[in-house]
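As the structure is a computational prediction, the values presented were derived from the model and not from experiment. All residue numbers in this chain count up from 1 along the given sequence.
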Amino acid sequence: MGESEKMKPALLVIDMQERFERMSRDMNIVGNVVNVVQACHRRNVPVFFTQHHDPEESGVLYSWWKNPIIKGSDRWRLISEIAAAVDEERDTIITEKTRYDAFIGTCLKEMLWQQGVDTVVVSGVLTNLCCETTARTAFVNDFSVIFLQDGNAAKTQAFHDASVMNLEYGFATIKKCQEFIDSLK
C-alpha cells in the first residue's frame, strides 16, 4: 500500500504572492510548487491557497513590519505562475488571512475536517513565519504534517534551514517536492 492510500492529504500553498516573489524565485520554489499543485489536481488532492493582507494599522504585524500588504493591491496578488495553476472549480482560495497562522481567523480547519483531511502538506512563504506557524498549528490540531523542503522559501537560507530543522524534530515529516509527488502515485 502506497503512502497516499494511508493518508488523506491536502496541499496548503501559503502566501505565494507578488510581495514575496523575489524570495520565491531566489530559492527556486515557484516551479516546484506549481508541479506539486498539478500533481495534486491529477490525484484529486484538495488544494488551498492563502493570500495574506494586513488590515489594521494598529495590528501587531502592521506595526512590526511597517510595510503592509493591502488586500486587492498588486503585491497581494498571487505570483503569475501560481495564479495560473489555480483550478477555480475545485481549489479553495482563502483571502481573509491576516496572521502568520493560516488557521487563525479563517475557516481552514473546518474545511479540512469537512473533506476528511488528516495530513496537511505545507508549501509557500515565508518558511520561518507563516509556513512554520501554520505547520505547528496543524500538528497541534491533530493533522499530520508534511513540510516541503524545496517548496518553501525564506529571506535567507539560514532562516529556512533553521525552521526545517525545528519542524523535523517535533512537528513534520520533511520531503522534497518530487518525493511527495511520487508518494501520490
Distance col, row C130:SG vs H52:NE2, nearest 0.5 angstrom, shows 6.0 Å
Residues passing the side-chain contact (heavy atoms from CB on, under 4.5 Å) test with A10, sequence neighbours excluded, are P46, F48, L112, V117
Check: S80 and E21 side chains under 4.5 Å, non-hydrogen atoms: no
CD1 (I174) and CE (M165) are apart, to the nearest 0.5 Å, by 11.0 Å
Taking the side chain as C-beta and beyond, is there a heavy-atom pair between N28 and D150 under 4.5 Å? no
Exactly one candidate in V125, I69, I79 meets side chain to side chain contact (heavy atoms under 4.5 Å, CB included) with R19; the answer is I69
Of D15, V37, I14, L11, the one forming a side chain to side chain contact (heavy atoms under 4.5 Å, CB included) with F49 is V37
Which of T133, T137, T106 passes side-chain hydrogen bond (donor to acceptor under 3.5 Å, both in side chains) with D101? Answer is T137
Should L12 and M7 be regarded as members of a common hydrophobic cluster, given that ILVMFWY residues are connected when their side-chain heavy atoms come within less than 4.5 Å of each other, either directly or indirectly? no
- Query: When clusters are formed by joining ILVMFWY residues with side-chain heavy atoms under 4.5 Å apart, either directly or through shared neighbours, do F103 and V140 land in the same one?
  - Reply: yes
Subject >> Geometric class of the W113/F143 ring pair [parallel <30°, tilted 30-60°, perpendicular >60°] >> reply: parallel
On a heavy-atom basis, the closest approach of D118 and P9 is OD1-N, 4.4 Å
>> Does I93 form a side chain to side chain contact (heavy atoms under 4.5 Å, CB included) with V86? I'd like the steps, not just the answer.
In response: CA-CA 9 Å; I93 301 178; V86 173; 3.9 Å; yes
Note: I82 and V30 closest approach over all heavy atoms is CD1-O, 4.2 Å
Taken to the nearest 0.5 Å, the spacing of Y100 OH from N128 CG works out to 8.5 Å
Less than 4.5 Å apart, side chain to side chain, heavy atoms only: is that true for V13 and V47?
yes
So OG of S73 and NE2 of H53: to nearest 0.5 Å the spacing works out to 10.5 Å
May I have the step-by-step check of side chain to side chain contact (heavy atoms under 4.5 Å, CB included) for M23 and H160, ending in yes or no? CA-CA 11 Å; M23 78 179 65; H160 177 79; over 6 Å; no
Quick one: does any side-chain atom of R90 pair with a main-chain N or O of H41 as donor and acceptor, under 3.5 Å? yes
A quick test of your reading: do over 12 heavy atoms of other residues, nucleotides or ligands sit less than 6.0 Å from CG of N67? yes
### Task
Step through the shown structure and confirm whether more than 12 heavy atoms of other residues, nucleotides or ligands are within 6.0 Å of CZ on F159.
no
Residues 26-43 vs salt bridge (Lys or Arg N to Asp or Glu O under 4.0 Å), sequence neighbours excluded, gives R22-D26
- request: Measure the shortest side-chain to side-chain distance between K71 and P55 over non-hydrogen atoms and say whether it is less than 4.5 angstrom.
  value: no
Interatomic distance, CG@D182 vs NZ@K176, rounded to 0.5 Å, equals 13.5 Å
* Asked: Is there side-chain contact between L108 and I94, with at least one heavy-atom pair below 4.5 Å?
  -> yes
Exercise. Any chain of hydrophobic side-chain contacts (each under 4.5 Å) joining F147 to I29?
Worked result: no
Flag, side chain of S63 to backbone of V60, donor-acceptor distance under 3.5 Å:
yes
Exercise. Take L61 and T98 through the side chain to side chain contact (heavy atoms under 4.5 Å, CB included) test and state the conclusion after the steps.
Key: CA-CA 9 Å; L61 277 177; T98 60; over 6 Å; no
All heavy atoms of K8 vs all of Q115, minimum pair found to be CE-O, 3.2 Å
Closest non-hydrogen atoms of D91 and A85, given as atom of the first, atom of the second and distance, are OD2-O, 4.1 Å
Are Q157 and M27 close enough, and set up right, to give a side chain to side chain contact (heavy atoms under 4.5 Å, CB included), and what steps lead you there? CA-CA 8 Å; Q157 189 69 46; M27 291 192 74; 3.3 Å; yes
Check your understanding: According to a 4.5 Å side-chain heavy-atom criterion applied to Ile, Leu, Val, Met, Phe, Trp and Tyr, with indirect links allowed, do F139 and L129 form part of one hydrophobic cluster?
Key -> no
Between the OG atom in S123 and the CG atom in N35, the distance rounded to the nearest 0.5 Å is 11.5 Å
- Does NZ belonging to K155 count more than 12 external heavy atoms closer than 6.0 Å? no
- Query: Can you get from V120 to F180 by hopping between Ile, Leu, Val, Met, Phe, Trp and Tyr side chains that sit under 4.5 Å apart?
  - Reply: no
Closest non-hydrogen contact found for L78 with E18 is O-OE2, 3.6 Å
Closest non-hydrogen contact found for T50 with A102 is CG2-CB, 4.0 Å
